[in-house]
There are 2 protein chains.
Amino acid sequence: MPRTRSALPPTGPVRLGPGARAALRPAIADIDAGFWHTRRTVNARTSVPQGPELLQAAGNLHNLRLAAPATEALSDAVVEGAFQGAYPFVDTDVYKWLEAASWQLAQETDEDLQAHVDRIVALVAAAQQPDGYLNTWFQLVKGGERYKDLRWGHELYCAGHLIQAAVAHHRATGRPELLDVARRFADHIDSVFGPPGSGKEIDGVDGHPEVETALVELYRETGERRYLDLAGYFVDRYGHGLLGGEAYCQDRVPLREAVNVEGHAVRQLYLLAAATDLATETGDTGLRAATERLWHAMTTTKTHITGGLGAHHDQEDFGDPYELPNERAYCETCAAIASVQWSWRMALLTGEARYGDLIERTLYNGFLAGVSLDGERWLYVNPLQVRDGHTDPGGDQSARRTRWFRCACCPPNVMRLLGSLEHYLATSGEGGLQIHQYATGRYADGPFAVRAETDYPWHGTIALTVEETPSDRPWTLSLRIPQWCREFRVRCGERTYDQTDAPVTGGWLRLERTWAPGDEVVLELGLEPRLTAADPRVDAVRGCVAIERGPLVHCLEQVDHPGGGLDDIVLDTTRPLAVKHRPDLLGGVTTVVAAGRRRHIPDAGWWPYTSGDTPAHQDGEPVELTAIPYYAWANREDGGMRVWLPTS
Amino acid sequence: MPRTRSALPPTGPVRLGPGARAALRPAIADIDAGFWHTRRTVNARTSVPQGPELLQAAGNLHNLRLAAPATEALSDAVVEGAFQGAYPFVDTDVYKWLEAASWQLAQETDEDLQAHVDRIVALVAAAQQPDGYLNTWFQLVKGGERYKDLRWGHELYCAGHLIQAAVAHHRATGRPELLDVARRFADHIDSVFGPPGSGKEIDGVDGHPEVETALVELYRETGERRYLDLAGYFVDRYGHGLLGGEAYCQDRVPLREAVNVEGHAVRQLYLLAAATDLATETGDTGLRAATERLWHAMTTTKTHITGGLGAHHDQEDFGDPYELPNERAYCETCAAIASVQWSWRMALLTGEARYGDLIERTLYNGFLAGVSLDGERWLYVNPLQVRDGHTDPGGDQSARRTRWFRCACCPPNVMRLLGSLEHYLATSGEGGLQIHQYATGRYADGPFAVRAETDYPWHGTIALTVEETPSDRPWTLSLRIPQWCREFRVRCGERTYDQTDAPVTGGWLRLERTWAPGDEVVLELGLEPRLTAADPRVDAVRGCVAIERGPLVHCLEQVDHPGGGLDDIVLDTTRPLAVKHRPDLLGGVTTVVAAGRRRHIPDAGWWPYTSGDTPAHQDGEPVELTAIPYYAWANREDGGMRVWLPTS
């Protein structure tokens with residue numbers, strides 16, 4: 001089937017409302033080559049197209065058919081059988097796929113994909129109950145009982161993903177069908193939920209935040225202020241014991257009073273994204289202060305070097321401050337996605353470059369590791385270490401990539417972020433254009449358009465050419481100098497700067513002038529590989545360093561180190577790191593080659609703890625270490641993996 | 001009520017059968033003063049007596065009443081209401097309490113306690129169904145459905161604890177009532193379960209091993225060989241996929257082929273205890289080899305310094321080799337108990353001293369931390385660190401001591417081990433008496449009796465006096481020289497030895513002579529405090545040491561270190577450790593005082609990972625560190641705790 005560029009104007013998530021108090025507004029990037037183009041092409045050609053079949057096989061579409069009364073529109077409906085799936089929120093797999101497919105359709109027409117979307121949208125519409133309610137688990141399994149188990153029921157969570165899909169579908173295609181479904185459900189929720197004294201039936205919130213940020217998007221898409229108000233009501237009702245007071249459900253303490261992120265990581269992050277949306281749309285300074293405080297607390301004390309979030313398998317929770325384990329890092333792929341979504345909103349609200357820093361780190365590492373290079377297999381959890389002798393538990397939390405999960409929240413979430421990735425790269429505002437992330441393509445908003453050419457992250461050169469510009473007034477092209485970058489050069493017309501004299505403020509290299517079409521800027525970011533150490537309070541990595549290069553965290557995999565395990569290896573920090581481009585390896589990666597040795601650990605008998613002068617470990621045999629980018633791990637045979645390497 | 005010494009001969013768990021191939025046989029110790037006497041007195045006077053009221057309040061006794069038909073014997077029965085409790089195995093709380101109370105009654109008569117035991121035994125007997133089956137969850141909730149959910153039903157697990165209680169009750173009191181109940185249930189199980197081709201209805205095992213070691217004890221108590229055979233059948237049917245092949249249920253690999261411990265720690269350990277029992281009673285060399293191999297693998301790769309076992313909160317599982325986290329150490333109290341029970345059986349089977357080493361370490365640390373000093377509050381999990389800024393989840397896995405648990409497996413398990421502790425201290429065999437653990441009291445078996453006086457573990461002197469001995473032939477008094485001990489002296493008659501010339505083989509100091517009553521041996525174990533490091537593969541404690549003294553692992557608690565948190569503290573290893581006896585503190589403990597400092601960690605901005613030359617942390621302010629014994633932690637106000645201390 002032919003695919004052509006969509007005729008509709010480009011659009012994406014987080015289109016700010018007319019009264020938003022944002023420092024920046026999203027601009028559009030059109031990526032057409034390079035690293036992210038490759039990843040997005042795999043998403044568009046493999047992951048997204050396989051969705052309908054996987055959702056059929058897992059029973060998600062079956063559930064919708066079963067919930068829908070027989071109609072002509074669903075003449076092929078199979079209406080027999082029982083609800084399929086293990087969780088009350090399986091509908092969201094469908095909604096997230098619809099959102100991903102919609103962002104896809106915003107970029108190019110695709111008749112096959114459009115047909116699948118049309119069919120599934122019709123199915124969703126048919127399954128909706130006359131008063132707007134829609135949740136196949138409660139309709140099919142719970143006999144229509146509603147809102148009795150807000151802690152675990154996920155009804156509003158499901159509504160949230162439906163709304164997000166509908167907003168995407170409407171923005172991408174201009175068609176009203178799914179948006180109408182979403183509005184009917186939102187109106188129903190608005191008729192049921194409200195604060196005490198409002199006359200509404202239920203004063204409550206969902207155990208899993210999500211509907212809040214969706215309602216803000218619905219407000220943005222429809223202009224209906226009451227969706228924004230409803231989101232604000234929900235956000236402020238967490239932390240008051242309506243869900244039993246558990247941190248897991250974000251109910252231990254109100255967000256406005258919280259001092260650190262806690263509880264279930266994805267729930268916390270979705271709630272924070274919503275709070276940021278509200279602060280942006282309403283100017284609520286208390287919420288803004290809370291989001292800034294919690295972002296800082298999260299990054300300083302609870303974020304893995306990969307950008308991964310969530311230290312506990314148990315409850316999928318954040319851990320305590322500086323509790324950042326390696327082998328048991330949870331770092332759910334969905335949490336990385338939620339983190340990108342939240343930080344993007346923070347970047348828009350504040351205009352600060354550091355949010356783009358965390359987005360970059362997360363995209364290239366903790367997020368991208370969640371999908372295999374071929375786009376067909378997934379990781380739900382993203383550990384930073386797999387030990388020698390690891391016994392894999394199988395199931396969703398396996399360290400092996402899996403075709404689909406029992407709780408399949410992550411794969412369609414990856415699809416929707418990759419499908420909309422172009423909308424997280426650049427902004428306009430403050431009299432110019434800001435480029436947060438570097439990819440080959442065109443960045444444009446209003447009167448400004450710039451083309452970038454780069455082989456980033458493999459090479460550090462980004463060549464920018466002004467394509468459209470007002471000719472009569474100066475404006476500022478802002479380029480984010482990554483937080484990891486210690487040396488760079490930039491040539492702008494006749495001028496050349498480096499890190500010592502460039503006009504950088506708060507992470508932004510600000511180039512202000514009256515531009516002409518064809519003007520060039522060449523930024524060269526130094527990509528020398530580096531060894532990175534952690535704050536000494538991160539006990540899990542004491543005495544270790546990680547190998548990084550540019551935005552990429554590297555790791556060792558067993559398959560590259562035959563002749564022994566990885567847990568005996570020590571990195572020699574006195575020897576230089578070398579860079580080796582490997583077009584043959586893992587779809588083409590740049591590896592970092594380091595010197596190490598395999599310790600000879602003396603046999604201490606049956607007890608591994610010794611007092612007094614411990615016998616010096618012999619130096620051990622030298623071994624050349626090949627560190628691949630972390631995102632590419634687990635694409636070959638099973639075996640050990642390490643990000644953090646002992647140095648002695 | 002008056003309490004007097006029981007008139008029955010002393011007895012305890014693991015009375016070997018007549019054909020047992022054990023190197024050693026349990027001897028009896030009668031502890032009458034000192035450290036364990038204090039702990040056992042708290043158990044006998046507080047913990048055990050409070051049991052009936054707690055079991056009443058939690059609904060366990062209610063369930064038995066509800067399951068029992070109305071009879072005259074239960075004239076006070078409340079027979080209305082629903083099953084109470086969250087788990088299908090709540091009956092075991094009652095059984096473990098009955099076992100604890102029975103061991104108590106073996107030592108002294110106690111009319112109050114006897115009355116409670118009689119009443120509860122009658123209740124258990126009344127709840128048993130005519131064919132011998134007994135499980136209140138399945139009788140009351142599952143409509144009598146049986147053995148349909150072996151993976152999670154815990155029916156045989158419950159039977160196991162019933163059998164162990166019955167064996168204890170019979171040994172302690174000589175009365176048959178509970179043993180009759182147990183035999184009827186065991187006979188029922190034997191009539192239902194058996195291998196393919198046996199004509200039995202079910203070829204299966206329980207998701208939670210426990211009935212196996214209980215059946216061996218039942219064989220020992222009754223002489224009925226078929227109970228031993230049934231235990232052997234069950235042990236060998238794990239690992240063949242009858243439970244779905246999960247490691248959690250010990251079903252991934254047969255024990256005879258396993259190379260390391262794995263899955264749910266308590267399940268693994270109870271299964272290994274049973275395998276050891278079987279190897280002992282049957283001479284099965286394959287099982288013996290498996291237990292020796294797995295014990296070595298466990299201690300070298302999966303045991304915390306406290307003797308605690310189980311690295312994962314999720315599934316209560318063992319982790320991978322050398323995966324021994326601190327703040328998320330699970331180290332369930334029940335796992336420590338199971339470890340003691342298993343190692344004791346290994347000691348009997350092999351005669352080796354190292355099993356007593358692990359028992360000592362576990363008893364004084366990982367086990368004893370499970371109960372508060374006053375005997376009224378409990379820990380289910382026993383972490384090695386509580387971080388500054390810890391958010392406690394509450395519930396069973398709290399780092400705060402709890403009055404009783406939703407899953408109350410640990411408290412009565414502690415009670416039964418403390419109640420029977422005298423039976424884990426000494427053995428006879430190989431022509432003499434072996435003292436595995438040191439306490440003040442009398443150690444006796446057959447013609448041998450020795451009295452010990454000691455203030456161990458606070459002081460290292462153990463003075464032994466021979467009280468009974470054959471006058472006509474030499475025999476060997478064997479004293480375990482603890483694995484941690486680097487210096488000791490022993491005076492035996494005219495001879496004095498130290499660690500350089502004492503007759504020590506395999507951890508046993510063997511003193512052979514023709515003894516006379518009144519002969520004295522004085523052993524002085526060096527208790528200099530020491531710093532202990534871990535195998536370098538234990539990533540979680542790289543660059544750290546633990547403070548130990550004798551068998552005690554020490555820790556820092558926040559309450560002793562005002563003016564800052566614990567996570568900033570560094571131990572100065574160049575300064576000497578001092579010992580300070582503190583009769584006022586925590587019931588009287590010896591603390592270790594060390595020199596440390598509080599690091600000043602420079603503010604690194606929002607990202608805690610840095611490359612290049614990290615700024616040297618300033619030395620920070622000196623701070624005197626007070627390390628208390630780990631077992632005594634969490635008996636004062638909430639706050640941080642650390643076992644492993646960074647050294648730089």
Side-chain angles (χ1 to χ4, degrees), chain A residues 247 252 260 262 295-296 299-301 303 305 312-315 319-323 325-328 354 357 385 387-391 393 397 483-484 486 530-540 542-544 546 548 567-568 599 601 604-612 614 617 644 646, chain B residues 247 252 260 262 295-296 299-301 303 305 312-315 319-323 325-328 354 357 385 387-391 393 397 483-484 486 530-540 542-544 546 548 567-568 599 601 604-612 614 617 644 646:
Chain A
R252 195 182 67 87
N260 207 331
E262 66 175 34
W295 193 92
H296 185 83
T299 56
T300 49
T301 68
T303 306
I305 192 170
H312 292 179
H313 277 240
D314 193 41
Q315 303 247 43
D320 285 329
Y322 302 106
E323 182 193 341
N326 292 304
E327 68 275 65
R328 294 293 280 180
R354 56 182 170 155
D357 286 329
Q385 177 182 16
R387 286 181 180 273
D388 302 339
H390 173 66
T391 302
Q397 276 73 43
Q483 174 269 344
W484 53 260
R486 285 175 293 163
R530 60 193 191 274
L531 300 179
T532 302
D535 183 294
R537 287 164 291 198
V538 184
D539 294 281
R542 180 171 290 108
C544 293
E548 297 189 286
D567 290 348
D568 298 342
R599 288 179 294 223
I601 301 175
W606 61 270
W607 190 242
Y609 304 98
T610 50
S611 301
T614 44
H617 304 115
W644 290 96
Chain B
R252 194 183 68 87
N260 208 330
E262 66 175 33
W295 193 90
H296 185 83
T299 56
T300 49
T301 69
T303 307
I305 192 171
H312 292 179
H313 277 239
D314 193 42
Q315 302 249 43
D320 286 327
Y322 302 105
E323 183 194 341
N326 292 304
E327 67 275 66
R328 295 293 282 181
R354 58 182 169 153
D357 287 328
Q385 177 181 16
R387 286 182 180 272
D388 301 339
H390 172 66
T391 301
Q397 276 73 43
Q483 173 270 345
W484 52 262
R486 284 175 293 164
R530 61 192 190 276
L531 299 179
T532 301
D535 183 293
R537 287 165 290 198
V538 184
D539 294 281
R542 180 170 291 110
C544 293
E548 298 189 286
D567 290 347
D568 298 343
R599 289 179 291 223
I601 300 175
W606 62 270
W607 190 241
Y609 305 98
T610 49
S611 302
T614 45
H617 304 117
W644 290 97

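Reminder, nothing fancy here: chain letters follow the sequence lines and each chain counts from 1. Just so you know, these numbers use all the heavy atoms, side chains as well, and skip hydrogens, waters and symmetry mates.
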Worksheet item: When rounded to the nearest 0.5 angstrom, what is the spacing between CH2 in A/Trp606 and OG1 in B/Thr300?
Response: 10.5 Å
Worksheet item: Given that the side chain runs from C-beta out, which part of A/Trp484 has a heavy atom under 4.5 Å from chain B: side chain, backbone, both or neither?
Response: neither
Practice prompt. Please report the shortest heavy-atom distance between A/Arg542 and B/Pro646, naming the atom on each side.
Written response: NH2-CG, 3.4 Å
Item to complete: Look at B/Pro321, B/Ala247, B/Gly543 and state which one has the largest set of heavy-atom pairs under 4.5 Å with chain A.
Response: B/Pro321
Fill in: Interchain contact, A/Arg530 with chain B, by part (heavy-atom threshold 4.5 Å)
side chain
Discussion item. Tell me which one of B/His313, B/Gln397, B/His312 satisfies side chain to side chain contact (heavy atoms under 4.5 Å, CB included) with A/Asp314.
Written reply: B/His313
Discussion item. Ignoring hydrogens, what is the shortest heavy-atom contact between B/Pro536 and A/Arg599? Give both atom names and the distance.
Written reply: CB-NH1, 3.7 Å
Item to complete: Could you look at A/Leu531 and say if it's the side chain, the backbone, both or neither that has a heavy atom under 4.5 Å from chain B?
Response: backbone
Practice prompt. State which residues pass side chain to side chain contact (heavy atoms under 4.5 Å, CB included) with B/Gln315; sequence neighbours excluded, sorted by chain then number.
Written response: B/Tyr248, B/Asp317
Fill in: Validation row: B/Asp539, A/Trp644 side chains within 4.5 angstrom (heavy atoms)
no
Fill in: Structural part of A/Ala604 lying under 4.5 Å from a heavy atom of chain B
neither
Worksheet item: Pick from A/Asn260, A/Asn326, A/Asp535, A/Thr299: which one has the most heavy-atom pairs with chain B under 4.5 Å?
Response: A/Thr299
Practice prompt. Check side chain to side chain contact (heavy atoms under 4.5 Å, CB included) between A/Glu327 and all other residues, then give those that pass, not counting sequence neighbours.
Written response: A/Gln385, A/Arg387, B/Glu323
Fill in: Non-hydrogen side-chain atoms of A/Tyr322 and B/Asp388 separated by less than 4.5 Å
no
Fill in: Pairs of heavy atoms under 4.5 Å with chain A: top-ranked of B/Asp320, B/Val538, B/Asp568
B/Asp320
Fill in: chain B contacts, top residue of A/Gly389, A/Ala546, A/Cys544 (heavy-atom pairs, under 4.5 Å)
A/Gly389
Practice prompt. Let me know if A/Arg328 has heavy atoms under 4.5 Å from chain B in its side chain, its backbone, both or neither.
Written response: side chain
Worksheet item: CZ of A/Arg537 to CD1 of B/Ile601: how many Å apart, nearest 0.5 Å?
Response: 3.5 Å
Item to complete: Measure the shortest side-chain to side-chain distance between B/Thr610 and A/Thr532 over non-hydrogen atoms and say whether it is less than 4.5 angstrom.
Response: no
Worksheet item: Do you know which of A/His296, A/Arg252, A/Gln483 has the most heavy-atom pairs under 4.5 Å to chain B?
Response: A/Gln483
Fill in: Heavy-atom pair of closest approach, residues A/Glu548 and B/Ser611
OE1-OG, 4.1 Å
Worksheet entry | Student check: side-chain heavy atoms of B/Asp357 and A/Trp607 closer than 4.5 Å | no
Practice prompt. With rounding to the nearest 0.5 Å, note down the distance linking OG1 in B/Thr301 to CG in A/Asp567.
Written response: 11.5 Å
Discussion item. Please classify the contact between A/Pro325 and chain B as side chain, backbone, both or neither, with a heavy-atom cut-off of under 4.5 Å.
Written reply: neither
